[in-house]
> 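Sharing a structure here in structure tokens format.
We number each residue from 1, following the sequence as shown. Given the structure is predicted, the values throughout are model-derived calculations rather than measurements. Note: hydrogens, waters and symmetry copies are ignored here, and every other heavy atom, side chains too, is used.
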Amino acid sequence: MAVGEVLTDGDRAALDRAIRRAEQLSRFEFSVYVGPVEGDSPRTFATRLHNRLVAPARSVLILVDPQRRVTEVVTGREVRTLLTDAEVELAVLDMQGEFATGDLAAGLARGISLLAQHAR
């Protein structure tokens with residue numbers, strides 16, 4: 001499933017704004033991947049993507065595979081000093097609640113915002 005099939009241009013623009021606000025608030029980098037997970041383990045795939053980022057230690061990656069209904073959040077070493085696993089889990093649950101209503105973009109924007117608030 002291509003990202004274009006899941007998110008509209010308006011959705012992508014809104015996510016770009018949410019990411020910019022999150023990065024300004026937390027001083028960490030945020031990335032979003034929406035699409036199919038390669039391989040059997042979504043966590044392994046998300047970690048591999050995260051490790052390819054420019055500054056993985058200072059980054060948060062949110063992966064969503066709508067087809068498999070999978071959400072993963074990978075945080076870098078520096079991010080984990082401020083953002084707990086429990087806070088990440090709460091953000092994931094919040095995102096999944098929005099996803100259940102059919103609003104992927106709103107769920108992602110909400111999750112990005114929550115993660116940034118907790119990581120500042």
> Not counting sequence neighbours, list each pair that qualifies as a ring pair (Phe, Tyr, Trp, His ring centres under 6.0 Å) and has a residue in residues 39-79.
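Listed once each, the pairs are Tyr33-Phe45.
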> According to the salt bridge (charged side-chain N to carboxylate O under 4.0 Å, His left out) rule, which pairs have a member within residues 96-118, sequence neighbours left out?
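Non-adjacent pairs meeting salt bridge (charged side-chain N to carboxylate O under 4.0 Å, His left out): Asp94-Arg110.
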> Check the pair Leu115 / Val73 against side-chain contact (heavy atoms from CB on, under 4.5 Å), numbers first and verdict last.
CA-CA 10 Å; Leu115 292 166; Val73 176; 4.2 Å; yes
> Let me check something: do Ile62 and Val92 share a hydrophobic cluster, defined by ILVMFWY side-chain heavy atoms less than 4.5 Å apart, either directly or through other members?
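Yes, because Ile62 and Val92 connect within a single hydrophobic cluster, where side-chain heavy atoms sit under 4.5 Å apart.
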> Going by heavy atoms in the side chains, are Thr44 and Pro42 under 4.5 Å from each other?
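A side-chain contact under 4.5 Å is absent here.
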> For residues 54-94, which residue pairs qualify under ring pair (Phe, Tyr, Trp, His ring centres under 6.0 Å), counting only residues two or more places apart or in two chains?
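Every candidate ring pair (Phe, Tyr, Trp, His ring centres under 6.0 Å) pair involving residues 54-94 fails, so no pair, neighbours aside, qualifies.
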> Go through the structure and list residues passing side chain to side chain donor-acceptor pair (under 3.5 Å) with Thr71, not counting sequence neighbours.
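Thr71 satisfies side chain to side chain donor-acceptor pair (under 3.5 Å) with no residue once adjacent residues are dropped.
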> Between CG of Asp11 and CG of Leu108, what distance do you get to the nearest 0.5 Å?
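If we round to the nearest 0.5 Å, Asp11:CG and Leu108:CG are 9.0 Å apart.
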> Does Val64 reach the side chain of Leu104, with side-chain heavy atoms less than 4.5 Å apart?
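Side chain of Val64 against side chain of Leu104, heavy atoms only: contact under 4.5 Å found.
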> Out of curiosity, Leu61 CG to Glu29 CD, how far, rounded to the nearest 0.5 Å?
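It is 12.0 Å, given to the nearest 0.5 Å.
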> Run the numbers on Leu90 and Leu114 for side-chain contact (heavy atoms from CB on, under 4.5 Å), then give the verdict.
CA-CA 9 Å; Leu90 287 173; Leu114 287 171; over 6 Å; no
> List the residues meeting side chain to side chain donor-acceptor pair (under 3.5 Å) with Thr47, not counting sequence neighbours, and say none if there are none.
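Here no residue qualifies.
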> In the structure I gave you, are the side-chain heavy atoms of Leu83 and Val88 within less than 4.5 Å of one another anywhere?
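Leu83 vs Val88: side chains touch.
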> Can you sort out the partners of Glu72 under salt bridge (Lys or Arg N to Asp or Glu O under 4.0 Å), two or more places apart, ordered by chain and number?
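By the salt bridge (Lys or Arg N to Asp or Glu O under 4.0 Å) rule, Glu72 matches Arg43.
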> Going from CD on Gln117 to CD1 on Ile112, what distance comes out if it is rounded to the nearest 0.5 angstrom?
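Nearest 0.5 Å value for the CD-CD1 distance: 12.0 Å.
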> Tell me, please, which residues at least two apart from Glu38 pass salt bridge (Lys or Arg N to Asp or Glu O under 4.0 Å).
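Testing Glu38 for salt bridge (Lys or Arg N to Asp or Glu O under 4.0 Å), a comparison that skips the adjacent residues, returns none.
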> Table please: side-chain donor-acceptor pairs of residues 14-26 below 3.5 Å, with sequence neighbours left out.
unit_1 : atom_1 : unit_2 : atom_2 : d
Glu23  : OE2    : Phe30  : N      : 2.9
Ser26  : OG     : Ala22  : O      : 2.8
Ser26  : OG     : Phe28  : N      : 3.2

> Taking atom CZ as the centre, does Arg120 end up with more than 12 heavy-atom neighbours from other residues, nucleotides or ligands that are less than 6.0 angstrom away?
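No, CZ of Arg120 has 12 or fewer neighbouring heavy atoms, counting only those of other groups under 6.0 Å.
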> Could you pull out all residues at least two apart from Glu78 that satisfy side chain to side chain donor-acceptor pair (under 3.5 Å)?
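For Glu78 the side chain to side chain donor-acceptor pair (under 3.5 Å) partners, ignoring immediate neighbours, are Arg58.
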> How close do Ala119 and Leu82 get, counting heavy atoms only, and between which atoms?
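Closest approach of Ala119 to Leu82, heavy atoms only: O-CD1, 3.1 Å.
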> Mind checking what makes side chain to side chain contact (heavy atoms under 4.5 Å, CB included) contact with Leu93, not counting sequence neighbours?
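Leu93 satisfies side chain to side chain contact (heavy atoms under 4.5 Å, CB included) with Glu89, Gln96 only.
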> Which pairs count as ring pair (Phe, Tyr, Trp, His ring centres under 6.0 Å) when at least one residue sits in residues 94-120, sequence neighbours excluded?
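Residue pairs with at least one partner in residues 94-120: there are none.
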> Identify, with sequence neighbours excluded, every residue that meets side chain to side chain donor-acceptor pair (under 3.5 Å) alongside Asp9.
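So Asp9 forms a side chain to side chain donor-acceptor pair (under 3.5 Å) with Arg12.
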> Got a second to check how far Ser31's OG is from Leu53's CG, nearest 0.5 Å?
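It is 4.5 Å, given to the nearest 0.5 Å.
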> Drop me the distance from Asp65's CG to Arg69's CZ, to the nearest 0.5 angstrom.
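Separation between the atoms: 11.0 Å.
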